J.: 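Below are the C-alpha cells for one structure; questions will follow.
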Amino acid sequence: MYSGCKNKNYGTVSYRLLNKKIIDDNLDTLMTFNKRVNITESFPNLFGVDDKQVLHSTVSRIKKMVLNETDQYRFIKVNNLLSVIGEFYSGEQFVLNEIMAITRSRVVSKDIKILFLSFLVDIGMEEEVIATLFDLDELAEMAEFATDNLIGLIRGDLGDKLLFLQEFGGFDDQGQEEIMNQLAEDNTDAAAEMLGILAYAYEFGIASSAVSLLGKNLRARKVTVLNELASCNDKYISNLAMNVLSECNVNGRRKPSRRKWEKPYGDLYDAVVSSVDGQGNRAVWLAWKMPNRKNRIVAFNLLLNTDTGIKDCFGIPVLTKRDFESMIREISSSAVILRNDYEYCMLLIRGALKKNLSGNYPIPMEFAFWRRCMENDIYPEEYAPGYIDFVPETEKQIQDCYDRLDLLFEEQEFAVWYEETPEVYDTAEEIIAITDRISNTYARKVLKLENQLINRVIKPLLPVIKNRLMMTIDFLRRAGKKNLAREVVVCLITLDSVPAEQHPFIRRMCFESISAAINNLKNGIDIRMDPDYI
C-alpha cells in the first residue's frame, strides 16, 4: 500500500524564522566579495519554500542589496540568483513588482538596470512589457554597456574566462557575432586566446567566424593561436586555420609569439564518474594539479545523459584538495562513484559527445575551453559496452535472478530509478482519492491504474531503459560488482520476454514512481504546476 513519509512538524513561526535566517546567511555568503558560490547549492531552503512571506522578504533584500553595488561579479551572482528564483516563482507577481520598481527608479545605475533587464528576459517577460520599463535609446545603450563588461572578463583569471563563455552562450547569433568582432578588434593576447577557444566550439558558425577573425589585424599572438588550431586533430578547424595562415602569408609572413599558449593545469589528480540515475544522468569530474600551486587543483564537471549526451559543463578554477575530497564525499552520499579511471571517463565523454552531434543536441559553450585543453583525448566516438560475458550459463540461474529483480531497487545504483512525469502524478492523485483501502476493490483499482501507467508511460521508454541498464552493467563490472552486474544483465535480456506490466523490474519502477509522487503531493510538491511541463 502506498504511503507518504511523515516529516517532522515544526511550528509555523519558528519554521518561517528558521527559513529566513538560513536564506539571509546564504545571501551574505553569496555576496561575499570575490567568493563564487553555486546558487542552487547555496539555497537548498529557498526553493520549495511555501511561505510567501519568506520569499517576499528575500526578494526585497536582494533589491536593497544591489542598489549601491559596483562589483560586476556580484551583479552576475545576483542575476543568476534572480533567474533561479524566476524559474521557480515566475507566477508570483510580487517578484516582478520588486524588479519593476528598480527599473523605474531614476537613481539606479545603468549596470543594475542591465542586471534586472536580463532577469526579466530570463523569465520570459513579453517584449511589450519590457518596453514600458525602458525606452529604445536606453536599451541600446545598455546592450553596448553589457557587452563591454562581458569583454572585460577575458582579461581576468580562469574563472572570469569560464564566466565569459557561459554568458556568451546565452546570446543569439547576432549578439555572438558582434562580441567576436569586438574580440578581433581588441589587440590583446587575451582576446586572441578567447577567439582560439571559441574556435573549439562545436558550432560551425562560431568556429568558422572565430578562426576567420584571428586573421584580421594579425599579430604574433594570433599567429601562435592559429598554429595550434592548424595542428589540432579536428580536420574542420585545422583546415580553416591553415587557410587563414596561407592567406596571411601572401600579404607578408608573421612570426608567432615566443610565449606558448599555456594550459591551466599540470598532472592529473583524479577522474571520478558516478553511477547512472533513473533519468540516465551521471556526473564525470576531472581534476588536475595546478602548476606551482601546492595543494591547489583545477577541476571541471560534466553532466552526461545516456540519451542526449553532454547536458551541462562547469569548471572550478581553484580548489583545495580538501574541498575536492569533501565534494566527492557529498556526491558519494547519493550515488555510487568510481575514482582514478581517466580512460573510462574519456570513453563516456566521447560517447556522450557522439550523441550530441548525432542528435543535434546543444553542447555547453564552456566545453570549448576544456576541449581545447584535452584536444588529443576528446573527440566523438560511439561507446557501446558489451555484457555477453555476464549472461548466466543456465536457465535456472536466469530464473533465480529474474524472481528477485524487484530487489535491484534496494541497491544504491537503483535508488532513484523512477519516472517523474505529469502522468505519474495524475495516477498518484487518483490513488490518493480512493477512500476504501481495505477491500479487494482497492487492490483491483490500484492494479488497473498501475498497468495503465506502465503501458502509457514506462513501456514507450523501454529502449531508453535498456540503454541505461547496459551502461549500468558496464559501471558495475568496472566497480568489481560482478554478481550485481549479472542480475542486471538478466533484467536486460528478459525485458522483452513478458508483457511490460508483468516484468518484476518494471512493476517495481512503477511502484517507486507512484510512491515518490504521492509523497511529494502530500508535502505540497506538484511538478504539474511547473510551466516546463505544460
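Values in this document were obtained by computation on a predicted structure and should not be read as measured data.
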J.: For Y236, look at atom OH and say whether over 12 heavy atoms of other residues, nucleotides or ligands are found less than 6.0 Å away.
T.: yes

J.: Between L304 and V273, is there a side-chain heavy-atom distance shorter than 4.5 Å?
T.: no

J.: May I have all residue pairs that pass side chain to side chain donor-acceptor pair (under 3.5 Å) and include part of residues 319-328, sequence neighbours excluded?
T.: Y269-E325, T320-D323, E325-R339

J.: Which ring pair (Phe, Tyr, Trp, His ring centres under 6.0 Å) pairs, counting each pair once, include a residue from residues 353-374, with sequence neighbours left out?
T.: F300-W370

J.: Does CD belonging to E410 count more than 12 external heavy atoms closer than 6.0 Å?
T.: yes

J.: For residues 344-352, dump all side-chain donor-acceptor pairs below 3.5 Å to protein atoms at least two apart in sequence or in another chain.
T.:
{"from": "Y344", "atom 1": "OH", "to": "R282", "atom 2": "NH2", "distance (Å)": "3.3"}
{"from": "R350", "atom 1": "NE", "to": "D377", "atom 2": "O", "distance (Å)": "2.8"}
{"from": "R350", "atom 1": "NH1", "to": "E343", "atom 2": "OE2", "distance (Å)": "3.1"}
{"from": "R350", "atom 1": "NH2", "to": "D377", "atom 2": "O", "distance (Å)": "3.2"}

J.: How many angstroms lie between atom CD1 of I431 and atom CG of D426, to the nearest 0.5 angstrom?
T.: 11.5 Å

J.: For V424 and A517, work out which heavy atoms get closest and say how close.
T.: CG1-CB, 3.8 Å

J.: Run the numbers on L286 and M374 for side-chain contact (heavy atoms from CB on, under 4.5 Å), then give the verdict.
T.: CA-CA 11 Å; L286 296 176; M374 298 180 290; 4.1 Å; yes

J.: Would you confirm whether S274, through its side chain, and A283, through its main-chain N or O, come within 3.5 Å as a donor-acceptor pair?
T.: yes

J.: Taking all non-hydrogen atoms of both residues, which atom of T308 and which atom of K355 are closest, and how far apart?
T.: C-CB, 4.2 Å

J.: Could you tell me which non-hydrogen atom of R468 sits nearest to which non-hydrogen atom of G278, and how far apart they are?
T.: NH1-O, 2.7 Å

J.: Can you tell me if N523 uses its side chain to pair, donor with acceptor, with the backbone of N519 under 3.5 Å?
T.: yes

J.: Can you see which heavy atom on L353 is nearest to which on P380, and at what distance?
T.: CD2-N, 3.7 Å

J.: Any carboxylate oxygen within less than 4.0 angstrom of a Lys/Arg side-chain nitrogen, looking at E411 and K481?
T.: no

J.: Output the distance between atom CG (L495) and atom CD1 (I465), rounded to the nearest 0.5 Å.
T.: 7.0 Å

J.: Taking all heavy atoms of Q412 and all of A335, pick out the closest pair and write down the distance.
T.: NE2-N, 3.6 Å

J.: Will you find, in the side chains of N483 and E487, an N or O donor that is under 3.5 Å from an N or O acceptor?
T.: no

J.: Quick check: does any side chain N or O of E366 sit under 3.5 Å from a backbone N or O of G315, one acting as donor and the other as acceptor?
T.: yes

J.: Got a second to check how far D526's CG is from N520's CG, nearest 0.5 Å?
T.: 9.0 Å

J.: So, does N356 use its side chain to make a donor-acceptor pair with the main chain of I310 at under 3.5 Å?
T.: yes

J.: Where do A287 and L268 come nearest, in terms of heavy atoms and distance?
T.: O-CD1, 3.4 Å

J.: Quick one: does T494's side chain have a donor or acceptor within less than 3.5 Å of a partner on C491's backbone?
T.: yes

J.: Hydrogens and angles aside, do N451 and R507 bring a side-chain donor and acceptor to less than 3.5 Å of each other?
T.: yes

J.: Who are the side-chain contact (heavy atoms from CB on, under 4.5 Å) partners of K482, not counting sequence neighbours?
T.: F390

J.: Please round to the nearest 0.5 Å and tell me the distance separating atom CG of D341 and atom CG of D270.
T.: 10.5 Å

J.: With rounding to the nearest 0.5 angstrom, report the CD to CG distance, E501 to L447.
T.: 9.0 Å

J.: Should R508 and L408 be marked as a side-chain contact (heavy atoms from CB on, under 4.5 Å) after you check the CA-CA gap, both sets of side-chain angles, and the distance that decides it?
T.: CA-CA 9 Å; R508 180 68 182 269; L408 286 176; over 6 Å; no

J.: Report the distance from atom CD1 of I454 to atom CD of E450, rounding to the nearest 0.5 Å.
T.: 6.5 Å

J.: Begin with the C-alpha distance, continue with both residues' side-chain angles, and end with the deciding distance and a verdict on side-chain contact (heavy atoms from CB on, under 4.5 Å) for M471 and Y383.
T.: CA-CA 9 Å; M471 299 302 283; Y383 182 55; 3.9 Å; yes

J.: Does Q279 use its side chain to pair, donor to acceptor, with the backbone of V416 at less than 3.5 Å?
T.: no

J.: Let me know which of Y418, F409, Y402 forms a ring pair (Phe, Tyr, Trp, His ring centres under 6.0 Å) with F505.
T.: F409

J.: Are the side chain of Q176 and the backbone of F168 linked by a donor-acceptor contact shorter than 3.5 Å?
T.: yes

J.: Can you tell me if K466 has over 12 outside heavy atoms packed within less than 6.0 Å of its NZ?
T.: yes

J.: Kindly state whether the ring of W285 and the ring of F314 have centres lying under 6.0 angstrom apart.
T.: yes

J.: Is there side-chain contact between Y387 and L469, with at least one heavy-atom pair below 4.5 Å?
T.: no

J.: Between T421 and E419, do the side chains contain a donor N or O and an acceptor N or O under 3.5 Å apart?
T.: no

J.: List in chain and number order the residues that pass side-chain contact (heavy atoms from CB on, under 4.5 Å) with E430, two or more places apart in sequence or in another chain; answer none if no residue qualifies.
T.: L449

J.: Should the pair R404-D400 be classified as a salt bridge under the 4.0 Å nitrogen-to-oxygen rule?
T.: no

J.: Does some side-chain heavy atom of M470 sit less than 4.5 Å from a side-chain heavy atom of D474?
T.: no

J.: Strictly below 4.0 Å, N to O, side chains only: are R371 and D234 in salt-bridge contact?
T.: yes

J.: List the steps and the verdict of side-chain contact (heavy atoms from CB on, under 4.5 Å) for E512 and W417.
T.: CA-CA 8 Å; E512 296 294 336; W417 276 55; over 6 Å; no

J.: Going by side-chain contact (heavy atoms from CB on, under 4.5 Å), name the residues that satisfy it together with P392, two or more places apart in sequence or in a different chain.
T.: Q397, I398, R486, V490

